[in-house]
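Chain naming here is simple, since letters A, B, ... match the order of the sequence lines and numbering starts at 1 in each.
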Number of protein chains: 2
Amino acid sequence: MAVERWTPERRRQHTRDLLLDAAQDVFARRGFEGASLEDIAEVAGFTRGAIYKHFANKAELFLAVNERFNERALIAFADMLEHDLAGDENAALARKWREVLAPERDLLALGMEFNLYVLRHPEMRAQVAEHRRRLPGMIAAFMEQRAATTGITLRLPAITIARVILAASDGLAFSAEFDDDDLYEPFLELLNAALPAD
Amino acid sequence: MAVERWTPERRRQHTRDLLLDAAQDVFARRGFEGASLEDIAEVAGFTRGAIYKHFANKAELFLAVNERFNERALIAFADMLEHDLAGDENAALARKWREVLAPERDLLALGMEFNLYVLRHPEMRAQVAEHRRRLPGMIAAFMEQRAATTGITLRLPAITIARVILAASDGLAFSAEFDDDDLYEPFLELLNAALPAD
DNA sequence: ACTCTCAGATACATGAGCGTATCTTCGATA
DNA sequence: TATCGAAGATACGCTCATGTATCTGAGAGT
């Protein structure tokens, strides 16, 4: 198909995206307080003026980065659940999981930074709650369908298990980066053993 | 026994402790970059001058806080493992675990902040590595002994399971604070089901 | 071709925080 | 009682970052 016309709105969106890219990069490396708008603008190839045309202040920029980040993670995860892991074994599954949820150290740091931010800013809980609801829902649906085709009964409600998996996920990712010690696979092995009710 | 004499060294240690208390408080609430030495000193009832008599700079203060914090957590955890949970059921165990490892929101935030810090400062990995080795070791020993008395064989090496548990722990704590959703208990239930080899 | 709007750059005011250098005061020792 | 040392307070310099206010230039519409 033909590429989008280069209209002014499109141009604006484009620089906005560039700014978000740069912001994601710098926030990930330096953290929210540690990152300076000056740095971000420079990485994007603009000046601070550009940032303030697009975002009210530093916090809004940070929020926007994370909104996009979460949205993308959600899509990637859904994609993985649908296509990739038809009949995979633990090892392959672990690898894919890791790739999707914690692709690299900087992104992991960004996620942790964001978690900290919302922990310290309870007024944003509502905004984040939706994302935190959708992800376990997807996993639960996937597990239920799996359980049905393989004919097992789950020991606990799928949604509960999904929440546990997601909660554990961050810690596993951190451990992988820090101790470089792959705990995804043992975790999945334990999980597999634990799921079927007696 | 008689209380310690009020010698100069003791006095110095005392204010050092007060400074660490205040620093822990402020770092937990504002984060490393967000906290100001001015605030910390004021909370402790001193001025910045006192801080610089005891610590070289902000980073060293932060490190000292976390050293003490980790040390205490280790002791509390060891204590719990030895005494409290002789024959407890999941519910009680979950509660105690939670109390020890994530007693309140601010402390959780502090731990996350520290994790982020070391993630971004690889040169400190050596310092932290020791703490990250001792904790799983303790848990592994506990589990092996448990397994022996109850006569089950573990599905995976105890140390691996211990690492998984600890990795998961942070995420569970966060979920508890944020979603206020207690996942410790379901996690333990799954774990119990998963541990015995077939 | 002309103007007008708006994206982005430049300039500015302000403040906060770190680290250092210099006091001051209080208790220990002689 | 006089001196000395060190804990902690005060004072200073300096950098850096945020937010706002103003300027400039390019492209869209007439």
Given A:D182 and A:R98, is the salt bridge (Lys or Arg N to Asp or Glu O under 4.0 Å) satisfied, shown in steps? CA-CA 9 Å; A:D182 191 345; A:R98 183 178 182 159; 2.8 Å; yes

Start and end of chain B contact along DNA chain C [non-hydrogen atoms, under 4.0 Å]: C:dG17 to C:dA28

[X] atom [atom1], over 12 foreign heavy atoms within 6.0 Å:
{"X": "A:E99", "atom1": "CD", "result": "yes"}
{"X": "A:H121", "atom1": "NE2", "result": "yes"}
{"X": "A:E104", "atom1": "CD", "result": "yes"}

For DNA chain C, what residues of residues 28-54 of chain A have any heavy atom nearer than 4.0 Å? A:F46, A:T47, A:R48, A:G49, A:A50, A:K53, A:H54

Side chains of residues 169-179 of chain A: which donor-acceptor pairs under 3.5 Å do they make with residues two or more places apart or in other chains?
residue, atom, partner, partner atom, Å
A:D170, OD2, A:N115, ND2, 3.4
A:S175, OG, A:D179, OD2, 3.1
A:D179, OD1, B:R132, NE, 3.0
A:D179, OD2, B:R132, NE, 3.4
A:D179, OD2, B:R132, NH2, 3.1

What's the CD-P distance between B:Q13 and D:dA7, to the nearest Å? 11 Å

Students often mix this up, so state it plainly: with edges at 30° and 60°, are the rings of B:F32 and B:F27 parallel, tilted or perpendicular? parallel

Salt bridge or not for B:E38 and B:R48, using N-O below 4.0 Å? yes

OP1, OP2 of D:dG8 versus side-chain N and O of B:T15: anything below 4.0 Å? yes

B:D39 and salt bridge (charged side-chain N to carboxylate O under 4.0 Å, His left out): which single residue from B:R30, B:K58, B:R29 fits? B:R30

